[in-house]
Asker: 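Dropping the structure in here first, questions after.
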Amino acid sequence: MKQSAAFLGLAEALERVRSTTSKNQKVETLSEYLKGLKPEDAEIAARVASGRSSARGSKDEAQVGYSTLLEVLREVTGVTQEGVSKSYLRHGDLGEVAEELLEEKKEQPLFSDPLTLGDLDEAFQRLRSLKGHGSAAAKRGVVKSLILRATPVEGKYVVKVLTGEMRTGLVSGLLEEAIAAAYSLTKADSARAHMILGDIGLLARQAAAGDVSGIKIRPFRPVNFMLAEPLATAGEIAEHFGKAAYAEYKYDGVRAQVHRAGGSVRVYSRRLEDITSSFPEIVDSMKGSEGDCILDGEIVPFSDGRPLPFQLLQRRLRRMEKFAEAAKNAPVSYFAFDILMFGGEETTNQPLSNRRALLRRLVRGTTVRLAETADVSTEGEINAAFRRSRELGYEGLVVKDPDSVYAMGRRGSGWVKLKEELDTIDAVIVAAEYGHGKRAGVISDYTFAVRDGDELKTIGKAYSGLTDKEIEEMTRRLKEITIKDFGYRRKVKPEIVVEVAFDSIQLSERHDSGYALRFPRIKRIRTDKGVADIDTMEKVESIFSGQRLKVDER
Ligand code: AMP
């Protein structure tokens, strides 16, 4: 590890990246830094810059809890609990606390060689490998020896990676750009290679080694899944496509990529983890298929032609029981809806209509099921397909453009989803904003609140669900009840009650309730209700705790 580059160079580069708001400068700073590194170091540096300590898709993350980090910082610096709390209140970021406190170390390391990227990676590997009984103390030891050797700014980034709170603004697209600039690739090649490799570290390594052009999809190297964009109503979907589309049932299970080559089959999760051992019957179901292939689909608890509750899959994923028992309690089927490789050839750039024909050919002779689909083009047809899906016990629809390519890792506009809501709440509008584009000139974004005792607490902002006519009427009413006009935004008297549907509830710092509804859409304006009738924080909290299991599992 001796020849590995100093970690200080990376920490300082990340500081420069953090201190500018210009995306171009962020990209330039990082790419300048990466240029000087050899491939192994570029891998570690890019991964750390992305806020990860391990490759995407690896099962284990070297995360360390706040309490361990605080304990180590106190030991190394001799600062009291109170001193640490004060620093935290000032910064609101544990990395910055580390930087401030490490200006004065009480203990000094035995070896004072500067930390290298290789040292850092080795420490992360050790943290990942420590598990089970007694591992907490050993982990603390590893973290302590890192922190002892770290300069303040290095300590800051060690802590930032271990807590997963980088806050440098280096989103995935900017990292791809920086790597492209450092190694003279086009942005498109860099992004594509990233999708296929699935890990920013591997991308940097291959790019530094001049080895990106030959990167192809291949079996047993899972790629990021294509995602669907949510839309609120069948009408919006019909308008979005403006032509015939495929409406597939939205199966409620676990997304899985099935790879087959040379007689063996492996199954990968959405996080690109190998989950083959949890689902041996999927391996069996591929028997009888020929040639190398990569399929995309959903593992669904399923028996007698009907889906079973999603919760049954949790036991399987955690492998809580022996296989025979698991398969009896929670039988599963694999519903395939796409194909990324067929007979050794990548198919992602073919239109979906072709891919489906290939998929149909491939599953013939296997027990893999094809996702059910209907051709739709009007709002009425989409609604009918949605109702059928719900009646059969599925979650809704994923509607797809027959001409679309498979956009790995992207929430492309080629796939949109329509779901039954998790729940609805009645909330009151407390503020509103003018819209953009087609909605310019009307007040179409509404911030709404629930009741917490005598107070109103905001919990979300919705800008979909209403028709153009309803929005016009809302604009008129909101102008009438404006308390304060800030130009594009206005505070309004809390009296318009709306029923808001949503997919889930998340913790949030943005709203003063501490929660945010995910994908909120207005279901109807409740003219029959007043502010006294809206829902409360208690209801929000109870929905939040009830949904948790499922969200965690994903
Ligand atoms: P959501 O989890 O609500 O974001 O919905 C997207 C997920 O729906 C995907 O990641 C898949 O796991 C799942 N899904 C179920 N059926 C389909 C389908 N026919 N096509 C695409 N995705 C589907």
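Below, each value reflects all heavy atoms present in this structure, side chains not excepted, and no hydrogens, waters or symmetry copies. When a ligand or atom number is given, it counts from 1 through the structure's own listing order. Sequential numbering from 1 along the given sequence is applied to the chain's residues.
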Asker: Identify the residue among Ile459, Val428, Val430 that makes a side-chain contact (heavy atoms from CB on, under 4.5 Å) with Phe448.
Answerer: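 Option passing the side-chain contact (heavy atoms from CB on, under 4.5 Å) with Phe448: Ile459.
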
Asker: Heavy-atom pairs closer than 4.0 Å: do any link ligand 1 to the side chain of Lys417, the backbone, both, or neither?
Answerer: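 Side chain only.
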
Asker: Give the atom numbers and elements of ligand 1 that come within less than 4.0 Å of a heavy atom of Glu248.
Answerer: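 So the answer, numbered in order with elements, is 18 (C), 19 (N), 20 (N).
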
Asker: Between Glu433 and Lys461, does any NZ, NE, NH1 or NH2 come within less than 4.0 Å of an OD or OE carboxylate oxygen?
Answerer: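 Answer for the salt bridge query: yes.
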
Asker: Of all the heavy atoms in Tyr249, does at least one lie under 4.0 Å from an atom in ligand 1?
Answerer: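 Yes, Tyr249 has heavy atoms under 4.0 Å from ligand 1.
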
Asker: With heavy-atom distances below 4.0 Å as the criterion, list the atoms of ligand 1 near Lys419.
Answerer: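 Numbered from 1, ligand 1 contributes 3 (O).
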
Asker: How does Trp415 reach ligand 1, if at all, at less than 4.0 Å between non-hydrogen atoms: by side chain, backbone, both, or neither?
Answerer: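 Contact part for Trp415 vs ligand 1: side chain (C-beta onward).
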
Asker: Do Gln257 side-chain atoms and Val223 backbone N/O form a donor-acceptor pair below 3.5 Å?
Answerer: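 Yes, because the side chain of Gln257 sits within donor-acceptor range (under 3.5 Å) of the backbone of Val223.
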
Asker: What part of Tyr251, side chain, backbone, both or neither, has a heavy atom within less than 4.0 angstrom of ligand 1?
Answerer: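 It is both backbone and side chain that touch ligand 1.
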
Asker: Looking at Asp199 and Arg52, does any basic side-chain N land under 4.0 Å from a carboxylate oxygen?
Answerer: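 No salt bridge links Asp199 with Arg52.
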
Asker: Using heavy atoms and a threshold below 4.0 Å, how should the contact between Lys250 and ligand 1 be classified: side chain, backbone, both, or neither?
Answerer: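 Near ligand 1, Lys250 shows its backbone as well as its side chain.
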
Asker: Using non-hydrogen atoms of the residue, decide whether Met226 is closer than 4.0 angstrom to ligand 1.
Answerer: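 Checking ligand 1 against Met226, which is what was asked, there is no heavy-atom contact under 4.0 Å.
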
Asker: Considering the heavy atoms of Arg270, write down every atom of ligand 1 situated less than 4.0 Å from one of them.
Answerer: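 Those atoms are 10 (O).
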
Asker: Are any of the side-chain nitrogens in Asp503 or Arg518 under 4.0 Å away from the carboxylate oxygens of its partner?
Answerer: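 No, no charged N to carboxylate O under 4.0 Å.
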
Asker: Counting heavy atoms only, which of Glu395, Glu298, Arg255 is nearest atom 14 (N) of ligand 1?
Answerer: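 Answer by nearest heavy atom: Glu298.
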
Asker: May I ask you to decide whether Glu395 forms a salt bridge with Arg390, counting only side-chain N to carboxylate O separations under 4.0 Å?
Answerer: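 Arg390 and Glu395: not salt-bridged.
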
Asker: Check for me whether Arg356 meets the cation-pi criterion with Tyr246, that is, NZ or CZ under 6.0 Å from the six-membered ring centre and within 45 degrees of the ring axis.
Answerer: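 Judged by the rule, Arg356 and Tyr246 form a cation-pi pair.
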
Asker: Which atoms from ligand 1 have a heavy atom of Lys400 less than 4.0 Å away?
Answerer: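 Contacts of ligand 1 toward Lys400, numbered from 1: 18 (C), 20 (N), 21 (C).
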
Asker: Looking at side-chain heavy atoms only, is the closest gap between Asp338 and Leu359 below 4.5 Å?
Answerer: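 Counting from C-beta outward, Asp338 and Leu359 never come under 4.5 Å.
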
